[in-house]
Amino acid sequence: MNAHLPLWLIPLAPFAGFLINGILGRRLPKWLVTTVALAAPLAAFSVVLEAAAGVFGAGPLQKLLPQGLLPPVSLPLTETCPFAWINAGALHVDFSFVLDQLSLVMLLVVTGVGFLIHVYSVGYMGDDEGYARYFSFLNLFLFFMSVLVLAANALVMFIGWEGVGLASYLLIGFYFQKKSAADAGKKAFIVNRIGDFGFLIAMFLLLANFGTLTFTEIATKLGQDPGWQGGVVTVIALCLMLGAAGKSAQLPLYIWLPDAMEGPTPVSALIHAATMVTAGVYMVARNHVLFGHAPFALGVVAIVGALTAIFAATIALVQNDIKRVLAYSTISQLGYMFLGCGVAAYSAAIFHLVTHAFFKALLFLAAGAVIHGLGGEQDLRKMGGLWKKLPVTFAVTTVGVLAIAGFFPFAGFFSKDAILYAAFLQGANGRVLWLVGVVTALLTSFYMFRLWYLAFLGKPRSPEVHPHESPWSMRGPLLILALLSICGGWIGGTWAGVGRFGGFLAPSVGAGAAETGGSAHLELVLSLVAVGVALAGWLVAHLLYREKSTLAASLATALPGGYRLLADKYFVDEFYGATVVKPLLGLSKFFLEWVVEIGILGGAAWLLGGVAKLAGAALQRWQSGNLRSYAAWVAAGAALVLLFLLVPWATVLASLTAIHLGVAGH
């Protein structure tokens with residue numbers, strides 16, 4: 001690694017951008033704020049590309065590209081900061097970064113997609129009063145996300161983990177004057193603290209049982225002792241999964257992500273689609289050896305992922321806010337990634353993470369272009385006929401919809417089917433998970449084509465609105481992401497698996513079932529089933545929203561209970577409000593009013609009042625107005641003064657001391 005730029009430059013560049021725009025942004029001209037804001041992620045991306053070029057140039061692309069194209073090289077490459085961070089007794093923690101196949105892929109996504117979204121934001125946020133503040137927060141997020149990805153141990157990862165939570169809170173609540181945005185930021189922050197508690201407990205247990213937080217050392221100790229199975233390892237893995245469920249919006253901690261759409265749309269694309277919400281998936285993959293020694297926890301990961309995928313997809317079926325449809329879609333797609341991790345197909349999960357970053361960032365940014373063109377309108381029921389007015393946005397949205405629905409040869413086809421294929425190979429239980437995934441794919445295709453039809457086809461439903469295409473600063477990133485959504489899945493190397501990509505990641509995450517089992521015939525059959533399901537979803541959406549556009553409303557009227565259940569998101573927020581939020585608020589109010597205000601503050605006030613009252617009563621006797629009383633008090637005071645002056649107090653004290661010592665001696 002000495003021949004390359006140091007890894008710490010990757011997080012340092014966006015941190016410098018955060019400081020400059022955060023401190024001086026209001027005093028700088030807008031062009032300079034823009035320059036700093038774009039230079040920071042571009043510099044980080046350049047360092048990642050330089051590191052990748054050095055590594056790939058020496059050979060790992062031989063596993064990613066056609067055989068024999070490049071000579072071999074060994075990974076991982078690790079760089080440690082020149083100082084020890086914590087030395088306390090037996091605890092030694094270095095502030096260290098690691099570059100291996102897994103972190104390299106993740107860094108390319110974080111910095112590459114992050115830079116494109118920064119460019120898009122220049123046009124989208126161009127007229128906002130908080131322009132400099134927005135970009136300082138966005139740079140701060142990239143700093144913490146880079147630290148999280150590069151971390152060589154759990155404590156350094158936790159710094160990035162908490163940092164992206166802070167940046168997310170700031171960006172969700174960017175329009176803090178708006179109550180719904182401020183509440184959404186607080187909701188995200190509080191819900192994520194629940195998951196972070198699990199991460200903290202896991203770190204304490206790792207220290208207690210392994211004496212280290214370094215990922216490679218933990219993996220080595222697990223490999224050396226075959227007795228590490230179940231038990232405390234399962235508890236640690238479940239605690240880590242709790243943390244991952246919070247950050248990656250899985251059941252039951254998913255509730256913050258839909259409300260996070262209150263932030264600017266580019267924030268939704270970067271943080272809540274492409275990068276931060278995938279941190280939980282990355283963390284599970286980074287600890288794959290630990291999860292491999294806890295099969296029960298791994299099964300929990302798979303089940304939670306599958307249930308989240310289908311649960312969120314059903315809610316997305318009837319949402320009318322274009323961003324909320326995509327928000328529930330993100331939760332559902334994250335469920336696919338956890339399903340992949342749960343069946344030990346980590347390469348497939350990371351592959352879907354990469355392709356999802358492409359097409360979901362594309363869909364969010366395209367939705368932002370629609371909202372921008374309609375003057376802030378987000379309701380699908382007030383759109384329609386936009387394909388003529390927004391041809392570029394329509395074209396890239398079509399690419400994104402085909403990709404997420406899983407049509408060949410778009411990116412989502414390869415990565416999603418790789419997860420389903422791996423699940424199918426896990427026996428009877430795996431085939432149940434596969435079936436859940438296939439049904440979810442059907443729902444995904446339906447609600448995405450529903451969005452497509454409602455927004456772009458048919459007649460305009462708001463004639464007074466005059467939509468306009470976005471500036472090129474917004475269209476340029478859309479076109480690049482559309483290209484990646486078309487061809488990004490081709491790096492997989494097989495029809496629906498992750499052949500070359502899986503081989504590349506194998507040294508970091510191991511080889512899953514998708515790389516070691518099955519057959520080409522089974523792979524082809526399952527891929528055809530998945531494509532057929534995607535086509536069926538499209539046909540149903542076409543029937544309901546194109547051929548018989550009144551049929552959907554008729555179905556909603558005919559099934560009011562089911563429609564309301566989905567439209568109100570299964571009343572989960574109301575349930576949490578009644579069982580968690582209100583009891584906690586009531587308990588807090590009790591302690592505040594009775595214990596703090598009445599008990600402590602009221603008691604202190606009563607005590608001080610009583611003392612003042614007694615002192616006043618005593619002083620009142622002195623101020624009686626009786627001259628003979630005053631004369632008596634003066635005489636008594638004079639006598640005390642004379643007594644003090646005339647009596648040899650030193651002699652008296654010495655005598656008393658001598659008497660005390662004499663008594664003690666006897």
Side-chain angles (χ1 to χ4, degrees), residues 229-230 234 237-238 240-241 244-245 248 250-251 280-281 284-285 287-314 331-353 355-356 406 412-444 492 494-499 501-502 505-506 509-534:
Q229 292 286 339
T234 299
L238 289 175
L240 289 174
M241 179 55 194
S248 295
Q250 297 295 284
L251 289 171
V281 180
V284 172
N287 291 280
H288 70 282
V289 176
L290 182 71
F291 278 89
H293 285 73
F296 175 79
L298 207 58
V300 170
V301 173
I303 293 171
V304 168
L307 291 178
T308 303
I310 194 168
F311 177 83
T314 58
I331 298 171
S332 180
Q333 296 301 308
L334 289 166
Y336 272 116
M337 299 175 207
F338 278 99
L339 172 58
C341 290
V343 297
Y346 297 102
S347 294
I350 299 300
F351 188 28
H352 194 53
L353 184 156
T355 61
H356 178 262
F413 165 81
F414 296 96
S415 59
K416 184 167 64 179
D417 285 9
I419 293 173
L420 295 177
Y421 178 55
F424 190 87
L425 297 179
Q426 300 303 305
N429 293 335
R431 288 169 189 174
V432 173
L433 297 173
W434 171 83
L435 181 60
V436 173
V438 169
V439 174
T440 303
L442 173 66
L443 300 178
T444 301
T494 59
W495 182 260
V498 286
F501 189 83
L505 280 184
V509 300
E515 290 80 42
T516 58
S519 65
H521 175 72
L522 177 63
E523 196 174 3
L524 176 60
V525 171
L526 295 181
S527 296
L528 292 175
V529 170
V531 172
V533 164

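The first residue of the sequence shown is numbered 1, and numbering continues consecutively from there. The figures that follow rest on heavy atoms only: side chains count, while hydrogens, waters and symmetry mates do not.
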ask   = Could you walk me through whether L433 and Q426 pass the side-chain contact (heavy atoms from CB on, under 4.5 Å) check?
value = CA-CA 9 Å; L433 297 173; Q426 300 303 305; over 6 Å; no
key: For H288, all residues meeting ring-ring contact (aromatic ring centres under 6.0 Å, His included), sequence neighbours excluded   = Y346
task = Test side-chain contact (heavy atoms from CB on, under 4.5 Å) on S527 and Y421 and set out the steps.
result = CA-CA 8 Å; S527 296; Y421 178 55; over 6 Å; no
task = With the side chain counted from C-beta on, respond yes when V300 and I303 share a heavy-atom pair under 4.5 Å apart, and no when they do not.
result = no
key: Any side-chain heavy-atom pair of L443 and T314 under 4.5 Å   = yes
ask   = What's the spacing between Y336 OH and D417 CG if we round to 0.5 Å?
value = 9.0 Å
Minimum heavy-atom distance G406-V531, with the two atoms named = O-CG2, 4.1 Å
message = Can you list everything that forms a side-chain hydrogen bond (donor to acceptor under 3.5 Å, both in side chains) with H352? Sequence neighbours excluded, please.
response = Q333, S415
inquiry  = Can you give me the closest heavy-atom contact between K416 and A441, atom names plus distance?
reply    = NZ-CB, 4.0 Å
note = For T234, the side-chain hydrogen bond (donor to acceptor under 3.5 Å, both in side chains) test, sequence neighbours excluded, returns none
key: Residues in ring-ring contact (aromatic ring centres under 6.0 Å, His included) contact with F424, at least two apart in sequence or another chain   = W434
ask   = What pairs with A237 under side-chain contact (heavy atoms from CB on, under 4.5 Å), at least two apart in sequence or on another chain?
value = F291, A294, A297
ask   = Between T440 and A309, what is the shortest heavy-atom contact and its length?
value = CG2-O, 3.4 Å
query = How about L522 and L425: do any of their side-chain heavy atoms sit closer than 4.5 Å?
reply = yes
task = Return the minimal non-hydrogen interatomic distance between V436 and A306, and the atom names on each side.
result = CG1-O, 3.5 Å
inquiry  = Going by side-chain contact (heavy atoms from CB on, under 4.5 Å), name the residues that satisfy it together with L251, two or more places apart in sequence or in a different chain.
reply    = Y254, L307, T308, F311
Inter-residue atom distance L526.CG - H521.NE2, 0.5 Å rounding = 9.5 Å
note = Nearest heavy-atom contact between V301 and C341 is CG1-CB, 4.2 Å
task = Please report the closest heavy-atom contact between S347 and V509, naming both atoms and the distance.
result = OG-CG2, 3.6 Å
